[in-house]
Amino acid sequence: MNSPLDIHRLQGTADLLPAESFRWTQAEQVIRGTMLRFGFGEIRFPVLEPTELFARGTGASTDIVQKEMYTLTDRGGRSLTLRPEGTPSVVRAYLEENLGSQRPVWKLFYLGPMFRAERPQKGRYRQFHQFGAEMIGAASPESDVELIALGHTILRDLGMNAVRLHLNSIGSPDARRAHNEKLLAFLEQPDVFQKIDEDCRRRVQTNPLRVFDCKNEECVRILRHAPTIDQFLTAEDQEHFARVRHGLETLGIAYDLDPRMVRGLDYYTRTTFEFKTNLLGAQDTVCGGGRYDLLVETFGGPATPAVGFASGIERILAAVGESDVAPVALPRLDVFVCGLGDNARGLTAAILSRLRGLGLSADTDFLGRGLKAQMKEANRLAARLALIVGDDEIARGRFALRQMDGGGQSEIPADPSQWDKGLFVGVNA
RNA sequence: GUGGGUGUAGCUCAGUUGGUUAGAGCACCAGGUUGUGGCCCUGGGGGUCAAGGGUUCAAAUCCCUUCAUCCACCCCA
């Protein structure tokens, strides 16, 4: 624009100003609070990790690894990557800190920025923020239910009512292999292959499962006859899945079985799930996860089952903003101090200090403006009270205290050491 | 990486078949009240019309290029 600055925010990143960052802080408090109530402890891990962590953990065949990572080489020639997701780091820390030998089960959560070099669009950014939870060490269906219930509860606590849970089991690797074979055979039938669109033909080569994601009506119609994973689950897979569903029903968490649901990451086994909303356009998944029983092993650890999810904060806040939930108001300022003249301005720092020391929020004018402008500022800040300090007040030893809402005005002693918090508790406090 | 839309004041947007000094609302500042905010009235500041090039007597307007941004594809939170 006409800014003298020719340095700009990177595409797909954002500056959050106070009105918005306040919403974020509130959301983060809700997330942390619910996580702790579910017995999950916060883990903080580096934003920068060895590239190899994601190549092996997220999976070399995933789009994330193939084309979406911000990767750089440090001065020692090591390849580093800005984390595109959290799960591999949690697993790395689990092994590196030897957590498995301290306790059989760990429940960990994280919250922070992730980076993916995609083309931005609605609900998709290059720096975005996720919270996620992982339970490592438990194989039981009840642990799947715990994670889904956790995601469900947090979304609800954040004001997201319009979400739908999509549930699937992709079974064990053997079941997936068998399904993949049959699916390929189906797709390669000449009368099928010719009818599906170009994208789907490409998917046959790269990742046949993805054809189930196609939005082309003709493809969707043809694929209704394609074999789905649920027909290939082993008896143990089926038993596990049945118990997960039973657990959700016990909790009254509604779900849609979706045998065509595809997750983008390589490491999932058995249960996978997504919470979707219809408020966001194309990027409608606000929370996604599943079981990953083999990931710890791929990093050389002992066979360790695990389940987890990740959820996008931008998408949730956008969806809540679209819904009819009342927006949170910025907190009001308790006292705005109007200093008139040099004598008064010499006192304001001590006055502010005392008010803040009493636990009140307090601010003043730093531009030497007149009373009218200062009152206007107090109004703009939605101050509850204006404390007027002028030569008259100093001479009388009494400051004027104005109620900004009703307009009533009273007096208080000019000596801050005589003040207590009750003096400033207005009618609306 | 591919396709489409949009770039005019801090924000949301007008701007006629190309025609004089580019406008409105909101926001900001000041005055109406020499010490009292919100509502109202009056006035004011603020623009390289995204940038660069071209056509023309004349370009915010037409053409080209670049950049930014949004939406969608791919894929995912």
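Convention: sequence-line order gives letters A, B, ...; per-chain numbering from 1. Computed from a predicted model, the values in this text were never measured in an experiment. We use all heavy atoms of the structure for the numbers below, so side chains are in, but hydrogens, waters and symmetry mates are not.
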Does NZ or CZ of A:Arg270 come closer than 6.0 Å to the centre of the six-membered ring of A:Phe241, within 45° of the ring's axis? no
Using the C1' atom on both, measure B:rA14 against B:rG52 and round to a whole Å. 27 Å
In the strands shown, is B:rU2 matched to any nucleotide by a Watson-Crick or G-U wobble pair with both distances under 3.5 Å, and which? B:rA72
Residue mapping more 5' on RNA chain B - nearest nucleotide basis, A:Val389 or A:Gly312: A:Val389
Any strand: nucleotide that pairs with B:rG52 via Watson-Crick or wobble, under 3.5 Å: B:rC64
Indicate, with a heavy-atom threshold strictly under 4.0 Å, whether A:Leu265 touches base, sugar-phosphate, or nothing. sugar-phosphate
Donor-acceptor pair (no angle test) under 3.5 Å: A:Glu118 side chain, B:rA77 base: yes
Closest to the A:Leu371 side chain: B:rU36, B:rG1, B:rC74? B:rU36
When rounded to whole Å, the CG to P distance for the pair A:Asp15 and B:rA68 reads 16 Å
Between C1' on B:rC71 and CZ on A:Arg315, what's the gap in Å once rounded to a whole number? 14 Å
Here the distance between atom C1' of B:rU34 and atom CG of A:Asp392, to the nearest Å, is 13 Å
Give a yes or no on whether a salt bridge exists between A:Arg332 and A:Asp405, defined as a side-chain N under 4.0 angstrom from a carboxylate O. yes
How would you label the contact of A:Arg116 with the nucleic acid (heavy atoms, under 4.0 Å): base, sugar-phosphate, or nothing? base
For a quick check of understanding: with a heavy-atom distance under 4.0 Å over all strands, which category does A:Gly123 fall into, base, sugar-phosphate or nothing? base
Going by modelled atom types, is there a donor-acceptor pair between the base of B:rG37 and the side chain of A:Asn379 at under 3.5 Å? yes
Looking at A:Asp420, I'd like to know if its CG atom is crowded, meaning that more than 12 non-hydrogen atoms belonging to other residues, nucleotides or ligands lie closer than 6.0 Å. yes
Nearest heavy atom decides the nucleotide; on that basis, is A:Gly12 or A:Tyr125 closer to the 5' end of RNA chain B? A:Gly12
Just to be sure I understand the rule, does A:Gly370 reach a base, reach only the sugar-phosphate, or reach nothing, if contact means heavy atoms closer than 4.0 Å? nothing
So does A:Arg380 pair up with A:Glu377, basic N to acidic O under 4.0 Å? yes
Measure NZ/A:Lys67 against P/B:rC73 and give the value in whole Å, please. 13 Å
Lys/Arg N to Asp/Glu carboxylate O, A:Arg116 vs A:Glu85, below 4.0 Å: no
State whether the number of non-hydrogen atoms from other residues, nucleotides or ligands found under 6.0 Å of A:Gln189 atom CD is greater than 12. yes
Span that lies between the P atom of B:rA27 and that of B:rU69, in whole angstrom: 29 Å
N/O (side chain, A:Arg203) to phosphate O (OP1/OP2, B:rC74) under 4.0 Å: yes
Report yes if at least one side-chain N or O of A:Arg402 is closer than 4.0 Å to OP1 or OP2 of B:rG37; otherwise report no. no
In 5'-to-3' order, the base (B), backbone-only (S) or no-contact (-) status of each nucleotide in nucleotides 27-32 of chain B, using a 4.0 angstrom heavy-atom cut-off, is -SS--B
Determine the interatomic distance between C1' on B:rG54 and the same-named atom on B:rU61; round to the nearest Å. 15 Å
Between A:Tyr267 and A:Tyr292, the two heavy atoms sitting closest are O-CB, 3.3 Å
Roughly how many Å apart are B:rC40 and B:rA68, using the P atom of each and rounding to a whole number? 42 Å
Could you tell me the separation between the CZ atom of A:Arg345 and the P atom of B:rG35, rounded to a whole number of Å? 13 Å
When the C1' atoms of B:rU33 and B:rG25 are compared, how many Å lie between them, rounded to an integer? 27 Å
Atom pair distance, as rounded to whole Å: CZ in A:Arg126 and P in B:rU69: 8 Å
Presence of salt bridge, A:Arg32 and A:Glu42, under 4.0 angstrom: yes
Ignoring backbone atoms, test whether A:Gln121 places a side-chain nitrogen or oxygen under 4.0 Å from the OP1 or OP2 oxygen of B:rC73. yes
Who is the Watson-Crick or G-U wobble partner of B:rC40, with both distances under 3.5 Å? B:rG32
What is the distance, to the nearest angstrom, from the CE atom on A:Met404 to the C1' atom on B:rG38? 8 Å
Measure distances between side-chain N and O atoms of A:Arg124 and base N and O atoms of B:rC75, and say whether any donor-acceptor pair falls under 3.5 Å. yes
Could you check which of B:rG37, B:rC75, B:rG3 has an atom nearest any side-chain atom of A:Arg119? B:rG3
In whole Å, measure the gap between the C1' atoms of B:rC64 and B:rU55 for me. 11 Å
Quick one: is A:Gln11 getting a side-chain N or O under 4.0 Å of the B:rU69 phosphate, OP1 or OP2? yes
Is it true that A:Arg23 and A:Glu20 have a side-chain N and a carboxylate O under 4.0 angstrom from each other? no
With a 3.5 Å cut-off and heavy atoms only, can you find an N or O donor on one side and an acceptor on the other between the side chain of A:Glu393 and the base of B:rG35? yes
Paired to B:rA77 by Watson-Crick or G-U wobble criteria (both distances under 3.5 Å) is none
Across every strand shown, the nucleotide meeting Watson-Crick or G-U wobble geometry with B:rG19 (both distances under 3.5 Å) is B:rC57
Distance check, P atoms only: B:rG15 and B:rA60, in whole angstrom units. 16 Å
Using a strict threshold of under 4.0 Å (side-chain N to carboxylate O), is an ion pair present between A:Arg37 and A:Asp157? yes
Looking at every strand, decide which applies to A:Cys287 at a 4.0 Å heavy-atom threshold: base, sugar-phosphate, or nothing. sugar-phosphate
Suppose you measure atom C1' in B:rG45 against the same atom in B:rG31; what distance do you get, rounded to whole Å? 14 Å
Nearest-Å distance, CD (A:Gln283) to P (B:rC73)? 7 Å
